[in-house]
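Notes for the one structure printed next.
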Amino acid sequence: MNIHLTGHHLEITPSLKEYIETKLAKIFHHFDHVIDAKVTLTVNKLEHIAEATIHLPKSDIHAECRGENMYTAIDLLSGKLDRQVIKYKELHKDHHRVEGGLKHQPIE
């Protein structure tokens, strides 16, 4: 899993990088098939923006959050991405029963 961090009008410190990696690790616990993630952190005057795009096998997930400081924006971003990944996982889950269906029951 690759995480690409980009700072726009912001220098990414090692503590900020570690914080992002720990927050995104929660997403990887839900879904193992994440290809890579691109995270962009931006500062516009008093507004801190965190946005991320996660590449999955069949689609991409994008989220953007704004906060009063960068850590709250990253917290909100990880929550949004977590909900979207869970929704993606539910939509692409195979709902067919292989062993429990009537077709596969032994005949007595």
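What you see is a predicted model, and the numbers here were worked out from it, not measured in a lab.
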Legend entry - Distance, nearest 0.5 Å, that separates CG of Asp82 from CD1 of Ile27: 6.0 Å

Legend entry - Pro14 vs Tyr19 side-chain heavy atoms within contact, under 4.5 Å: no

Legend entry - Rounded distance [0.5 Å steps], NZ in Lys89 versus CG in Leu56: 12.0 Å

Less than 3.5 Å apart, which donor and acceptor atoms pair up between the side chains of residues 38-48 and the rest of the protein, not counting sequence neighbours?
unit_1: Glu47; atom_1: OE1; unit_2: Arg66; atom_2: NH1; d: 3.0
unit_1: Glu47; atom_1: OE2; unit_2: Arg66; atom_2: NH1; d: 3.2

Legend entry - Side-chain heavy atoms of Ile3 within contact of Asp36, under 4.5 Å: no

Legend entry - CZ on Arg83 to OG on Ser78, rounded to 0.5 Å: 9.0 Å

Inset, instruction - Look at the side-chain heavy atoms of Ile, Leu, Val, Met, Phe, Trp and Tyr, link any pair under 4.5 Å apart, and say whether Leu10 and Ile49 land in one connected group. - result: no

Legend entry - Note, Leu5 side chain near Leu16 side chain (heavy atom, < 4.5 Å): no

Legend entry - Straight-line distance of Leu81 CG to Lys26 NZ, nearest 0.5 Å: 10.0 Å

Inset, instruction - Return the minimal non-hydrogen interatomic distance between Gly67 and Ala73, and the atom names on each side. - result: N-CB, 3.9 Å

Legend entry - Between Thr72 and Asp75: side-chain donor-acceptor atoms closer than 3.5 Å: no

Inset, instruction - Could you state whether Ile86 and Leu24 fall into the same hydrophobic cluster, counting links through intermediate Ile, Leu, Val, Met, Phe, Trp or Tyr residues with side-chain heavy atoms under 4.5 angstrom apart? - result: no

Inset, instruction - With rounding to the nearest 0.5 Å, note down the distance linking CD in Glu90 to NZ in Lys87. - result: 11.5 Å

Inset, instruction - Check the pair Asn2, His4 against side-chain contact (heavy atoms from CB on, under 4.5 Å), reporting the backbone distance first and the verdict last. - result: CA-CA 6 Å; Asn2 298 325; His4 302 284; 4.1 Å; yes

Legend entry - Set of residues satisfying side chain to side chain donor-acceptor pair (under 3.5 Å) with respect to His55, sequence neighbours excluded: Asp60

Inset, instruction - Might you point out which heavy atoms bring Glu64 and Leu77 nearest each other, and give the distance in Å? - result: N-CD1, 4.1 Å

Legend entry - Straight-line distance of Glu51 CD to Lys80 NZ, nearest 0.5 Å: 11.0 Å

